[in-house]
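First the structure, in the form of structure tokens, and then the observations on it.
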Amino acid sequence: MASAAAFAAITVRAAAAAQVFVDDPSHPELSDEDVHHLGRVLRLRPGEEVVAADGHGRWARTTWGGGSTLEMLDEGAGVGGDGAVQFESRAEPALTVAFAPVKGERPEWVVQKLTELGIDRIVPLLSERSVVRWSGARGKTTVERLRRVAREAAAQCRRVWLPDVSDTVGFADLHQLGGAGEVVLAQLSGDRPTASQHVVAVGPEGGWSTGELASGLPTVGFGLSVLRAETAAVTAGALLASLRTGTVAAVDGTGSEVGPL
């Protein structure tokens with residue numbers, strides 16, 4: 001299970017009125033967009049607490065005065081109550097979900113939910129049966145939009161490490177996302193996930209091709225329902241994150257239960 005220190009830290013961050021990402025939590029400066037969000041969207045009042053994080057594990061508790069600067073908190077209770085910059089190590093092992101994007105706004109929803117779940121790397125995947133194919137300038141613009149979605153979601157759920165939303169990866173390069181035995185394909189007939197599998201790839205609505213299933217990558221299943229592509233991606237993230245924290249029991253390759261990843 002997650003440590004008592006980790007729970008104490010997320011408890012104080014959750015109690016804050018908002019969280020923003022800044023370049024330096026020890027001297028937090030807000031962008032015009034953040035000022036608008038705090039004042040006009042969230043309607044914060046001067047003096048309310050805001051967490052300032054840099055997306056790389058450093059964070060501090062501050063108060064907002066109504067403008068573009070934040071003042072370090074100096075009399076708060078709990079972790080970081082004195083305004084000192086805190087550091088939180090990245091959770092281990094790093095977890096990755098690769099997914100073949102579908103049409104519409106569903107890829108944004110997938111990125112949002114995977115960020116909330118704590119997934120460390122989110123990879124748009126181009127497979128043989130992909131209908132949506134991001135490439136060129138349009139592809140770069142789309143991935144940048146997903147990165148903004150991840151940043152907003154990370155602030156909302158009080159993450160202090162931003163997930164890496166990568167450029168699109170082709171199926172042939174999928175095995176490079178992890179070590180031997182770590183990369184698996186989501187498939188209805190697959191085995192249940194084990195503690196050694198840290199990268200799950202979810203195919204398009206048409207499923208994996210025969211050649212992709214014959215690639216040698218192991219398969220894992222999520223039950224007896226045929227899931228929509230975006231549902232499968234979020235389910236994969238939930239299982240990986242729960243196995244890592246020990247929220248659910250992990251199993252090794254023999255089917256025996258083991259501790260957290």
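Reckoned from all heavy atoms, side chains included, excluding hydrogens, waters and symmetry mates. Since we're looking at a predicted model, the values are computed, not measured.
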Looking only at heavy atoms, which two atoms of [X] and [Y] are closest? And how far apart?
X	Y	answer
A229	P204	CB-C, 4.4 Å
L117	A241	O-CB, 3.4 Å
S166	V143	O-CG1, 3.6 Å
L30	G67	CD1-O, 3.7 Å
G237	L114	CA-CD2, 3.9 Å
Q197	G181	CG-O, 3.6 Å

What I'd like to find out is whether the side chain of [X] reaches to under 4.5 Å of the side chain of [Y], using heavy atoms alone.
X	Y	value
D23	E29	no
L177	R121	yes
D34	W64	no
L243	P193	yes
P163	I119	no
V202	L227	no
V234	F99	no

Grouping I, L, V, M, F, W and Y whenever their side-chain heavy atoms are under 4.5 Å apart, do [X] and [Y] come out in a common cluster?
X	Y	result
L239	V199	no
L217	V169	yes
L146	V200	yes
V183	L213	yes
W109	F222	yes

Would you be so kind as to tabulate the donor-acceptor pairs closer than 3.5 Å made by side chains of residues 122-131, with sequence neighbours excluded?
{"unit_1": "S127", "atom_1": "OG", "unit_2": "S130", "atom_2": "OG", "d": "3.0"}
{"unit_1": "E128", "atom_1": "OE1", "unit_2": "S209", "atom_2": "OG", "d": "2.9"}
{"unit_1": "R129", "atom_1": "NH1", "unit_2": "G206", "atom_2": "O", "d": "3.0"}
{"unit_1": "R129", "atom_1": "NH1", "unit_2": "W208", "atom_2": "O", "d": "3.1"}
{"unit_1": "S130", "atom_1": "OG", "unit_2": "S127", "atom_2": "N", "d": "2.8"}
{"unit_1": "S130", "atom_1": "OG", "unit_2": "S127", "atom_2": "O", "d": "3.2"}

* Asked: Among Q86, E88, E49, which one satisfies side-chain hydrogen bond (donor to acceptor under 3.5 Å, both in side chains) with R13?
  ->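 That would be E88.
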Separation between [atom1] of [X] and [atom2] of [Y], rounded to the nearest 0.5 Å:
X	Y	atom1	atom2	answer
W59	R159	CH2	CZ	15.5 Å
R43	L38	CZ	CG	13.0 Å
L70	H27	CG	NE2	12.5 Å
K140	T168	NZ	OG1	9.5 Å
L162	R151	CG	CZ	6.0 Å

* To do: Enumerate the residue pairs fulfilling salt bridge (Lys or Arg N to Asp or Glu O under 4.0 Å) with a member in residues 105-116, sequence neighbours excluded, ordered by first and then second residue.
  =>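 Non-adjacent pairs meeting salt bridge (Lys or Arg N to Asp or Glu O under 4.0 Å): R106-E205, R106-E230, E108-R145, K113-E116.
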* Asked: Stepwise, does the side-chain contact (heavy atoms from CB on, under 4.5 Å) test hold for H198 with T96?
  -> CA-CA 6 Å; H198 308 148; T96 298; over 6 Å; no
* To do: Assess whether atom CD of E71 is packed by more than 12 heavy atoms of other residues, nucleotides or ligands within 6.0 Å.
  =>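 It does not: E71 CD has 12 such atoms or fewer within range.
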* Asked: Would you say R90 has more than 12 foreign heavy atoms packed within less than 6.0 Å of its CZ?
  ->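 Check passes, neighbour count above 12.
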Give a yes or no on whether the backbone of [Y] and the side-chain of [X] come within a donor-acceptor separation of less than 3.5 Å.
X	Y	value
D120	L95	yes
R61	V12	no
T62	V50	yes

* **Ionic contact status for D167 with R147, cut-off 4.0 Å** =>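 A salt bridge is present here (some side-chain N lies under 4.0 Å from a carboxylate O).
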* What do the steps show when you test R58 against V160 for side-chain contact (heavy atoms from CB on, under 4.5 Å), and what is the final call? -> CA-CA 7 Å; R58 298 174 69 239; V160 293; over 6 Å; no
* Could you go step by step and tell me if Q112 and V149 meet the side-chain contact (heavy atoms from CB on, under 4.5 Å) rule? -> CA-CA 6 Å; Q112 180 188 69; V149 169; 4.0 Å; yes
